[in-house]
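Take a look at the structure below.
So that the names make sense, note that chain A is the first sequence line, chain B the second, and so on, each numbered from 1.
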Protein chains: 2
Amino acid sequence: MNKATIYDVAAVAKVSNATVSRALNNPEKVKPETRDKVLKVAKELGYKANAFAKGLASSKSTQVAVIVSDLARASVAEMVKGIGEVATNYGYSILLFPSASDEKYEELLTNLISYQVDGILYLNDEITDHQYKLIKDLETRYQIPLVLVNTVYESDANLLSVAIDYEKAGYEVTKALVQEGRKHIALLTTQKRYPVSELKEKGYLRAIEYYGLQPEVCYTSGNLDSNQKDLSDFVKSHEIDGVIGVRDSIAISCMNILKNLGRKIPEDVSIFGFQNTRYTLLCRPTLSTINVPIYEIGARAMKVLTAEMMGETQEQKGQILLEHSIIKRETTR
Amino acid sequence: MNKATIYDVAAVAKVSNATVSRALNNPEKVKPETRDKVLKVAKELGYKANAFAKGLASSKSTQVAVIVSDLARASVAEMVKGIGEVATNYGYSILLFPSASDEKYEELLTNLISYQVDGILYLNDEITDHQYKLIKDLETRYQIPLVLVNTVYESDANLLSVAIDYEKAGYEVTKALVQEGRKHIALLTTQKRYPVSELKEKGYLRAIEYYGLQPEVCYTSGNLDSNQKDLSDFVKSHEIDGVIGVRDSIAISCMNILKNLGRKIPEDVSIFGFQNTRYTLLCRPTLSTINVPIYEIGARAMKVLTAEMMGETQEQKGQILLEHSIIKRETTR
DNA sequence: CTGAAAGCGCTTACAG
DNA sequence: CTGAAAGCGCTTACAG
């Protein structure tokens with residue numbers, strides 16, 4: 001069975017195809033009786049607009065590209081979920097692109113252009129200068145709006161982005177430990193230099209300096225296995241009483257090691273994670289953490305992008321920062 | 001700056017647009033010198049094919065729809081990652097659809113047809129009869145290949161699907177507990193009747209019966225908070241020495257409750273999860289579980305779909321079952 | 001091996 | 001409020 005086209009509907013409804021198009025897309029431009037007739041016929045025939053013909057004729061795709069690094073990471077998936085639900089509400093579909101290495105990046109961009117996406121959401125934690133140039137080029141040459149999601153690119157303050165104030169969060173969580181009386185507070189961060197991790201570190205360092213303490217930073221991989229050794233070496237060679245992990249999972253890995261060494265949590269050492277994933281509730285003791293409104297970051301980013309695509313200029317150019325909060329559970333006192 | 005079209009390339013290369021099209025898509029049909037010239041010009045002008053025009057003219061979209069229920073679930077995200085990477089390799093883009101309630105389902109399908117997707121991957125854990133009818137209709141009426149990913153629809157054995165043998169896995173994990181000497185083995189499953197959970201339960205019941213034991217099934221929600229009460233009530237009212245959770249997170253929740261009640265793991269109670277998520281490594285004791293090759297399930301499903309889209313009929317119609325394995329860690333002896 | 005031409009299914013000024 | 005017609009940027013038989 002072949003799909004009904006706009007002409008089929010026009011023929012049965014005894015109007016021109018132009019009228020069918022109007023009745024479907026700009027109903028107010030059509031006399032009510034005509035409109036009702038057209039709509040009825042369209043329904044009877046099971047008419048579904050061909051998105052390609054529509055896109056070709058109107059040069060609107062109603063598709064947005066979502067570029068992700070590692071979808072398997074809990075926070076990334078949650079953000080995409082937020083994006084997806086808002087997109088559906090606004091009538092946009094989402095084209096998912098696993099982000100590629102620098103070499104394959106051009107190919108990705110070719111795809112974006114081929115599909116004539118109406119907008120781009122960029123979730124990669126890290127954005128290299130090379131990638132920035134390419135993607136910025138897209139924005140300026142083809143006028144495709146772009147919003148960074150939960151990441152920032154500091155060299156261009158005008159780039160739209162949605163995140164939380166990670167520097168401030170890093171400062172606050174360190175301060176919270178200081179106020180518990182902790183003197184030797186370590187930051188566990190990733191070897192790979194994600195912009196958001198760097199901001200957390202900046203806030204940590206600012207607080208450490210402010211309170212006259214000694215900074216202790218451990219760089220570990222995100223990998224659960226190699227973490228073990230890095231963290232274990234670090235913990236044995238440093239006398240610490242407070243720990244901040246840039247991810248919940250890193251904080252928990254460290255907690256497990258500390259417990260093995262006989263340290264009591266939180267009596268001997270207080271621990272904070274970052275993100276408030278489900279891990280925090282499943283581990284024992286339950287993990288204190290910074291609540292990052294991940295879903296909302298995704299949803300908000302999609303809303304901002306929608307506004308941009310509609311040609312509404314933002315009141316607020318540049319970074320949009322959502323609220324975070326400190327959640328105290330059993331790993332702090 | 002406007003995009004270069006195939007005509008721009010043709011004009012500069014001094015050939016017809018048909019030749020440009022051929023040089024790009026069927027290079028073997030074009031004389032090498034002509035081809036090289038065209039390719040060179042295309043590159044110079046930064047020509048990118050317009051996917052809409054292409055799709056309209058050829059009625060191929062090179063897009064596949066991926067329908068997901070809850071992307072925030074670790075296993076779902078991991079599968080989509082597998083799908084995405086294979087899709088990229090084969091030159092397909094993925095259109096992500098958060099699956100909707102039965103009422104909004106028609107809308108979703110309208111979108112699928114509008115975008116003329118070349119294939120559909122269905123990741124929803126549950127597929128209702130109503131949804132099955134609609135989606136099957138799509139396959140027969142519009143000839144859009146469909147593959148179920150990590151789910152099954154038992155009423156139609158011919159439907160292509162990729163999963164593991166959950167019934168067998170349920171049987172084996174129960175048997176493993178029996179062989180440890182456990183006599184009172186409980187299954188913790190979800191209230192919502194996912195097909196895969198039902199298969200696990202079936203396998204569990206078969207083993208329980210085979211070994212002449214008494215079945216004990218607890219139905220709980222997937223929600224971490226309400227789990228607490230359900231599991232706690234269950235554990236207090238049943239004398240158990242073995243536990244199987246249909247998800248790692250449920251198994252861990254139960255373990256935490258048992259530990260609170262003073263039961264020793266694994267001395268008093270052995271525990272198995274299902275899936276082998278990262279949770280299993282972060283909790284203490286580390287969780288024994290069934291390893292489900294989630295990423296591979298996604299990747300394989302995309303490969304099967306590709307074959308279908310190419311018109312290659314499968315050697316193997318119906319269900320494709322990947323290998324699973326039992327991983328023993330610290331929660332079993 | 002290459003070109004002229006029709007067609008894919010829409011949208012949208014332009015008339016009326 | 002409605003229709004005729006051109007155009008969006010490709011592909012693909014059909015000739016040659």
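With a 6.0 Å radius and a threshold of 12 heavy atoms from other residues, nucleotides or ligands, E44(A) has its CD atom above the threshold. The environment of K136(A) atom NZ is dense: over 12 non-hydrogen atoms of other residues, nucleotides or ligands sit within 6.0 angstrom. Other residues, nucleotides and ligands contribute at most 12 non-hydrogen atoms within 6.0 Å of the CD atom of E154(A).
Out of dG9(D), dG9(C), dT2(D), the shortest distance to the side chain of T34(A) is found at dT2(D).
Under the 30°/60° scheme for interplanar angles, the aromatic rings of Y115(A) and F97(A) are found to be tilted.
If you take CG on L71(A) and CG on L71(B), they are separated by 5.5 Å, rounding to the nearest 0.5 Å. Taking CG of N111(A) as the start and OG1 of T62(B) as the end, the distance is 7.5 Å to the nearest 0.5 Å. The NZ atom of K48(B) sits 10.0 Å away from the CG atom of L112(A) when rounded to the nearest 0.5 Å.
Between N50(A) atom CG and dC8(C) atom C1' the separation is 8 Å, expressed in whole Å. Going from atom CD1 of I113(A) over to atom C1' of dC10(D) covers 17 Å, rounded to whole Å. For the pair L56(A) CG and dG9(C) P, the computed distance is 12 Å after rounding to whole Å. We find that CD1 of I6(A) is positioned 18 Å from P of dC8(D), with the value rounded to whole Å. Distance NZ (K60(B)) to P (dG7(C)): 21 Å, rounded to an integer number of Å. dG9(C) atom P lies 10 Å from atom OH of Y47(A), rounded to whole Å. dC10(C) atom P lies 18 Å from atom CD of Q116(A), rounded to whole Å.
Donor-acceptor pairing under 3.5 Å, judged by distance alone, is present between the side chain of Y7(B) and the base of dC10(D).
Taking a cutoff of 4.0 Å between a charged side-chain nitrogen and a carboxylate oxygen, K81(B) and D70(A) qualify as a salt bridge.
Within residues 13-33 of chain B, the residues approaching DNA chain D are N17(B), A18(B), S21(B), R22(B), N25(B), by heavy-atom distance under 4.0 Å.
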query: Once Watson-Crick and G-U wobble pairs under 3.5 Å are found, how is DNA chain D written in dot-bracket notation, 5' to 3', with | for any base paired to another strand?
result: |||.||||||||.|||

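With I135(A) as reference, L146(A) is the one residue of L148(A), L159(A), L146(A) to meet the side chain to side chain contact (heavy atoms under 4.5 Å, CB included) rule.
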